[in-house]
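So the structure is just underneath, and the comments pick up after that.
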Amino acid sequence: MIDLETQALNIGIDRQSLAKLYAVFISSTKNDLMEMREAYESGDFKRVKSLVHHIKGAAEGLGIEPVLRAGEELEKTDAVSREKHVFNQFDLIEESLRDLINKLEPDL
Amino acid sequence: MTYKVLVVDNQPLMLEFMKALLEKEGHQVKCAGDGLEAIETAKEFHPDIFFIDMIMPHIDGARLCAVLRKYKEFKKSLLVIISGIAAEGGHSYIGAEADACIAKGPFDKTAVHVLKILEIFTSGNIRQFKNKILGIDEIYRREVTKELLFTHKHLEVLLSSMTFAVLEFLEDFRIVYANPSAEEIFRMKEFELLSQDIRNFIPEDFHKQIEEFIKDKTSRKLELGDEKLLQINERFIHVVFLPVEEGANKSIMGIFRDVSKYKIAQDELNESLKLKDTLLKEIHHRIKNNLSLITSLLDIQKCKVNDSLYNNYIDEIRGRIQSIELIHEKLCDSDDFKTVNLAGYLHDLSVMIVNSITANEFGVSVSAEGSDLKVSTRKAVPLGLITAEIITNAVKYGFGNPADNPDLKGKVPGIILKLQHDRKIRIIIENNGTPFPEDINVYKSESLGMILIHDLADQLDAEYKIKAGKNGGTIFSISFEAD
């Protein structure tokens, strides 16, 4: 479980607003991930980089470490030659989102 | 103290975070998803403080700060860049207009810096943050972002130093970028151009083409100002529109080139060509008149001399001069002053010579048939002289006095000119008078007329023949390569 109360207090916002931030993060990251998969498959690596930047920024704000690490991996990876590794990172982000939803279920 | 705050970021999460944080502190907050929306919202909302993200589509944070500072009402507003690229870009990327910069990191840390800046702003001591990046030690640097920033900087330098005006606008026609050359062409500063409809600056005649180009997703380029002149602020402009697509962000880049100098030069050139044409026409007209004067003098001379031998000579000379005179007359009426219509020229020349020798007395018919072919004066002059010789011979020796010529009994004396044109040009001149004597070797004849035909044919690299026709009369033919 995520301690929304304490995290909200640390940030300086109320619990309800923080829950809303998580909901926005999950929804926008889902969309970005879907677009990123499509961009990667069509060879648009510039777009992939731009979306990774987006996802990482959001994950960093809320301190969602697994998504942040997957983003870092994607930034470092040679997208063309390490296709399998890239897809692994996409899967990791997706898995982290599922995990986050489970942990936040009552508040979302 | 509470403020009116505008947060500008293309990340919905960041907008939500800042809104929650600042509203909890009692501030009045509005959000904008990009630079263009920010300008439009700011004009109505009049914020005291702006928190602006650095990397955004169309108008980035640094440019937005520069644009906002141009408005009188935002000269003293607090402009804070809040960005994830602060660590990689450094202060040089943030620009001179921002009052403070926060490195975008974890929300709890970012929140502390945001609230600190508001506190210092209230105390009136905000200048201490100039050239500082708050929270830079709390985030990590990314090589990829650094590369992107470097490319961005290169493009920025390139666009701002281009002599071509560059204007970028969205699919709803709102302008999002104008380089310094565009400011010059449109006579407006970038901040005045931003968010305006590009159609306001382009003549209405071209609107439909631009609208159709934007609708047509397959179209890769639109050029205006080539076939139909496009004028903007009294300048002649050539413009190329190119679509730019990056994920969901779509825009159109317009590259405007001031072609006024070329247009003026072209107009001057056309004027000078027109003058040249008038002069050439005048020259041909004067030569024709002078030659006409000579033939008139010969006519007067002919009337004074009652000797058929001299009169024959005068007729021959007159025919030759007329052949050249007629070329100049035809050139006066031609489009290019270089070529004449061969069939028309030879026909008119033949009629002229026949009439001048016979004084229109013998009713000789002259007809021409064949292709509509134009030849240069280089070929027309020798062909005219040859034709003059052949026609003069036909009238003098082929017809003589038709009433006394047994070969013309029951016939109208006639000349037919035929012009054929395939790989070579072939001219045939037939008459129905007395046949050409078979015992004369045309190639060895010492008569001036024959010598002239021979030499002129040589000049044309032509082959010619003179022979009696199967049913009487004489057939002359000459063939040569086309121009």
Side-chain angles (χ1 to χ4, degrees), chain A residues 3-4 6-32 34-36 38-40 42 44-65 67-69 71-79, chain B residues 9-25 27 29 31 33 53-57 82-88 102-116 118 135 138-149 151-152 244-249:
Chain A
D3 184 358
L4 286 182
T6 313
Q7 196 183 2
L9 194 70
N10 285 342
I11 295 173
I13 57 176
D14 56 48
R15 184 196 159 95
Q16 206 183 347
S17 298
L18 183 61
K20 196 177 169 192
L21 290 188
Y22 273 109
V24 171
F25 171 78
I26 290 164
S27 149
S28 68
T29 308
K30 262 185 184 172
N31 288 339
D32 287 346
M34 203 158 61
E35 201 186 323
M36 198 155 63
E38 279 171 16
Y40 185 74
S42 68
D44 187 354
F45 303 125
K46 205 176 149 205
R47 182 72 191 139
V48 173
K49 277 188 180 183
S50 159
L51 288 161
V52 169
H53 178 81
H54 205 231
I55 291 176
K56 267 184 68 191
E60 190 179 11
L62 285 169
I64 304 165
E65 286 296 325
V67 177
L68 196 57
R69 278 198 301 273
E72 274 172 26
E73 274 305 310
L74 284 170
E75 273 189 344
K76 282 189 282 185
T77 303
D78 172 5
Chain B
D9 203 305
N10 61 328
Q11 260 197 36
L13 183 68
M14 191 64 191
L15 292 177
E16 283 296 333
F17 156 64
M18 289 293 283
K19 198 168 185 288
L21 178 72
L22 295 165
E23 279 183 347
K24 193 161 182 278
E25 295 293 313
H27 303 293
V29 183
C31 297
D53 182 25
M54 191 65 187
I55 301 289
M56 289 185 292
I82 179 160
S83 169
I85 63 147
E88 298 84 1
I102 299 171
K104 202 192 269 180
F107 287 160
D108 52 350
K109 304 256 171 42
T110 306
V112 172
H113 301 305
V114 168
L115 298 179
K116 187 175 178 186
L118 290 180
E138 293 150 11
I139 58 170
Y140 53 90
R141 286 157 206 268
R142 288 155 284 202
E143 281 307 309
V144 180
T145 315
K146 210 168 184 174
E147 281 168 27
L148 289 174
L149 287 173
T151 312
H152 182 261
V244 182
E245 254 187 82
E246 164 65 16
N249 299 318

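Order of the sequence lines fixes the chain letters, A, B, ..., with proteins taken first and strands second; residue numbering starts at 1 for each chain. Below, each value reflects all heavy atoms present in this structure, side chains not excepted, and no hydrogens, waters or symmetry copies.
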Let me know if A:Ala39 has heavy atoms under 4.5 Å from chain B in its side chain, its backbone, both or neither. neither

Looking only at heavy atoms, which two atoms of A:His54 and B:Gln11 are closest? And how far apart? NE2-CG, 3.2 Å

Mind checking the CG-NZ spacing from A:Asn10 to B:Lys109? Nearest 0.5 Å is all I need. 9.5 Å

Is the shortest side-chain heavy-atom distance between A:Ile11 and B:Phe17 below 4.5 Å? yes

Please tell me if the side chains of A:Leu21 and B:Phe107 come closer than 4.5 Å, counting only heavy atoms from C-beta onward. yes

Of the non-hydrogen atoms in A:Ile13 and B:Lys24, which two are nearest, and what is the gap between them? CA-CD, 3.6 Å

